Amino acid sequence: MQPEQLALHLRRGDYLLPQHSIHGIVPLTASLSEASRAIVESGFRAVTVFTDSPEQLDLAELNQLGVPFSIDEGGDPVSVFRRMAAHGGIVASNSSFSLWAALLGAPRYFSIPSTWMKGVNSDVLGFPDKRRYPCTLL
């Protein structure tokens with residue numbers, strides 16, 4: 001368990017493929033803003049970034065979180081899922097992977113983007129009690 005750590009899911013590479021153009025990418029600024037809020041509100045001491053495309057990250061922007069961060073090693077999806085679910089907080093992307101990790105892991109802090117796909121509000125998912133952070137997908 002990583003109760004003092006926040007998992008930040010940044011979906012990138014696969015959503016850049018033409019067949020996924022309807023999904024859209026949550027802007028890094030929106031994800032970082034929500035992660036900063038989680039750090040302040042819940043006292044997380046570190047952040048683990050989960051992403052399919054670590055080479056697309058701007059590490060200088062991640063430094064703005066003000067706490068140590070690491071990039072998850074990736075690998076077998078089941079292992080990645082279990083590591084994400086073990087965190088005390090999850091800032092999800094518009095991905096069922098991070099959504100399920102949060103629902104099954106039951107972190108004390110969990111938020112999803114306000115937009116799930118381009119033009120589709122995340123309210124379609126249900127979960128009226130879950131925190132939503134504002135974003136317009138790219």
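A quick note: this is a predicted structure, and the numbers were derived from the prediction, not measured.
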Requested in this report: May I have the step-by-step check of side chain to side chain contact (heavy atoms under 4.5 Å, CB included) for Val47 and Ile39, ending in yes or no?
Outcome: CA-CA 9 Å; Val47 173; Ile39 291 165; 3.9 Å; yes
Query - Residue pair Leu32, Leu62: steps toward the side chain to side chain contact (heavy atoms under 4.5 Å, CB included) verdict - result: CA-CA 7 Å; Leu32 292 178; Leu62 291 170; 3.6 Å; yes
Requested in this report: Would you check, one step at a time, whether the test side chain to side chain contact (heavy atoms under 4.5 Å, CB included) holds for Lys118 with His23?
Outcome: CA-CA 6 Å; Lys118 289 182 178 177; His23 288 93; over 6 Å; no
Requested in this report: Applying side chain to side chain contact (heavy atoms under 4.5 Å, CB included), run through Leu8 and Ser31 and close with a yes or a no.
Outcome: CA-CA 8 Å; Leu8 174 59; Ser31 298; 4.0 Å; yes
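At a threshold of 4.5 Å between non-hydrogen side-chain atoms, the residues Ile25 and Arg11 do not count as touching. Proximity of Leu103 to Lys130: side-chain heavy atoms (C-beta onward) are separated by under 4.5 Å at one or more points. A heavy-atom distance below 4.5 Å is not found between the side chains of Asn121 and Trp116. Counting heavy atoms from C-beta on, the side chains of Leu65 and Ser36 come closer than 4.5 Å. Side chains of Arg83 and Glu73 form a contact here, defined as non-hydrogen atoms less than 4.5 Å apart. You'll find the side chain of Asp76 stays beyond 4.5 Å of the side chain of Phe81, heavy atoms only. Annotation: side chain of Pro113 is not in contact with side chain of Arg132 (no heavy-atom distance under 4.5 Å).
Asn94 and Gly24 make their closest contact through ND2-O, 3.0 Å (heavy atoms, listed as atom of the first residue, atom of the second, distance). Shortest non-hydrogen contact noted between Pro134 and Arg37 is CD-NH2, 4.3 Å. Across all non-hydrogen atoms, the minimal contact from Ala92 to Ile112 is CB-CG2, 4.0 Å. Leu6 and Ala38 get closest at one heavy-atom pair: CD2-CB, 3.9 Å.
Hydrophobic clustering places Val124 together with Trp100 (ILVMFWY residues linked when any side-chain heavy atoms are closer than 4.5 Å, directly or through intermediates). A single hydrophobic cluster is seen to contain both Ile90 and Phe127, as judged by linkage of ILVMFWY side chains at heavy-atom distances under 4.5 Å, directly or through other members. At a threshold of 4.5 Å between side-chain heavy atoms, the hydrophobic network of Ile, Leu, Val, Met, Phe, Trp and Tyr places Val80 and Phe69 in two separate groups. In the hydrophobic cluster analysis, where Ile, Leu, Val, Met, Phe, Trp and Tyr join through side-chain heavy atoms closer than 4.5 angstrom, Val26 is grouped apart from Met117. In this structure, Val49 is a member of the same hydrophobic cluster as Leu59, with clusters built from ILVMFWY side-chain heavy atoms closer than 4.5 Å.
For the atom pair CG of Asn63 and CD of Glu61, the computed distance is 10.0 Å after rounding to the nearest 0.5 Å. Going from atom OG of Ser95 over to atom CG of Leu10 covers 11.0 Å, rounded to the nearest 0.5 Å.
The main-chain N or O of Cys135 is found under 3.5 Å from a side-chain atom of Thr115 such that the two form a donor-acceptor pair. With hydrogens and angles disregarded, no donor-acceptor distance shorter than 3.5 Å links the side chain of Ser111 to the backbone of Tyr133. In terms of modelled atom types and a separation under 3.5 Å, the side chain of Thr51 and the main chain of Ser53 share a donor-acceptor contact. Between the side chain of Arg108 and the main chain of Ser42, a donor-acceptor pair closer than 3.5 Å is present.
Environment of CZ in Arg45: sparse, with no more than 12 heavy atoms of neighbouring residues, nucleotides or ligands closer than 6.0 Å.
When each of Phe50, Phe110, Phe44 is paired with His87, the ring-ring contact (aromatic ring centres under 6.0 Å, His included) condition holds for Phe50 and for no other.
Between Glu41 and Arg131, at least one side-chain N (NZ, or NE/NH1/NH2) sits under 4.0 Å from a carboxylate O, which counts as a salt bridge.
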